[in-house]
Amino acid sequence: MAFRPLGDRVLVKRVEEEAKTKGGIIIPDTAKEKPQEGEVIAVGAGARDEAGKRIEMDVKVGDRILFGKWSGSEVRLEGEDLLIMKESDILGVVA
């Protein structure tokens with residue numbers, strides 16, 4: 001993909017949840033919420049501090065992350081629905 005986020009932004013692909021509960025109930029598409037888990041596709045170089053030094057990013061490409069329900073901006077690149085968000089919108093990395 002020919003897209004590189006700037007600053008402390010990351011490009012995230014949502015990870016789809018299963019359409020069935022543990023009890024075997026199938027959840028229809030109309031009742032599903034957008035997943036709050038995703039995979040980092042690309043990262044920016046990092047923000048700058050007050051002295052102009054680059055602050056290294058805590059996430060890297062391939063990390064599975066959790067983010068808030070309303071985090072980021074939805075974009076469509078090369079036919080794929082993705083999110084662009086600031087690193088501060090990320091709640092944590094799933095190990």
Side-chain angles (χ1 to χ4, degrees):
M1 181 173 295
F3 181 83
R4 181 177 54 93
L6 299 177
D8 65 339
R9 290 179 175 78
V10 295
L11 184 66
V12 177
K13 179 179 180 181
R14 289 185 193 266
V15 175
E16 294 299 324
E17 297 174 347
E18 286 193 42
K20 192 187 297 187
T21 65
K22 291 181 180 181
I25 299 171
I26 297 175
I27 303 169
D29 288 339
T30 55
K32 286 185 188 176
E33 289 189 15
K34 290 185 178 180
Q36 296 175 17
E37 185 175 342
E39 181 181 351
V40 176
I41 303 298
V43 296
R48 293 192 181 268
D49 64 11
E50 294 171 2
K53 289 182 62 177
R54 185 79 62 186
I55 301 170
E56 190 176 322
M57 300 282 278
D58 287 331
V59 295
K60 61 185 179 307
V61 174
D63 281 349
R64 282 182 76 104
I65 60 167
L66 296 177
F67 50 87
K69 187 178 281 192
W70 308 110
S71 298
S73 299
E74 294 184 357
V75 294
R76 187 165 185 88
L77 294 172
E78 296 180 3
E80 247 184 314
D81 290 325
L82 303 169
L83 286 170
I84 298 174
M85 66 181 68
K86 286 187 162 270
E87 185 181 32
S88 59
D89 290 338
I90 298 172
L91 302 176
V93 177
V94 178

Side chain proximity check, [X] to [Y], heavy atoms < 4.5 angstrom:
| X | Y | answer |
| --- | --- | --- |
| Phe3 | Val75 | no |
| Lys13 | Leu82 | yes |
| Met85 | Ile90 | yes |
| Arg14 | Leu83 | yes |

On a heavy-atom basis, which atom in [X] and which in [Y] lie closest, and how many Å separate them?
| X | Y | answer |
| --- | --- | --- |
| Leu11 | Pro5 | N-CG, 4.0 Å |
| Ile41 | Val12 | CG1-C, 4.3 Å |
| Val61 | Ala42 | CG2-CA, 4.0 Å |

- Are Lys60 and Asp63 close enough for a salt bridge, meaning some N to O gap below 4.0 Å? yes
- Message: Is there a path of hydrophobic side-chain contacts, each under 4.5 Å between heavy atoms of I/L/V/M/F/W/Y residues, joining Val59 to Leu66?
- Response: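 Each belongs to a different hydrophobic cluster.
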- Message: Hydrophobic cluster membership, with links at side-chain heavy-atom distances under 4.5 Å among I/L/V/M/F/W/Y: are Val10 and Val93 in one?
- Response: yes
- Query: Of Met57, Arg54, Arg48, which meets side-chain contact (heavy atoms from CB on, under 4.5 Å) against Asp8?
  - Reply: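 Looking at Met57, Arg54, Arg48, the match for Asp8 under the side-chain contact (heavy atoms from CB on, under 4.5 Å) is Met57.
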- If you round to the nearest 0.5 Å, how far is CD1 of Ile65 from CG of Asp58?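 With rounding to 0.5 Å, CG (Asp58) is 12.0 Å from CD1 (Ile65).
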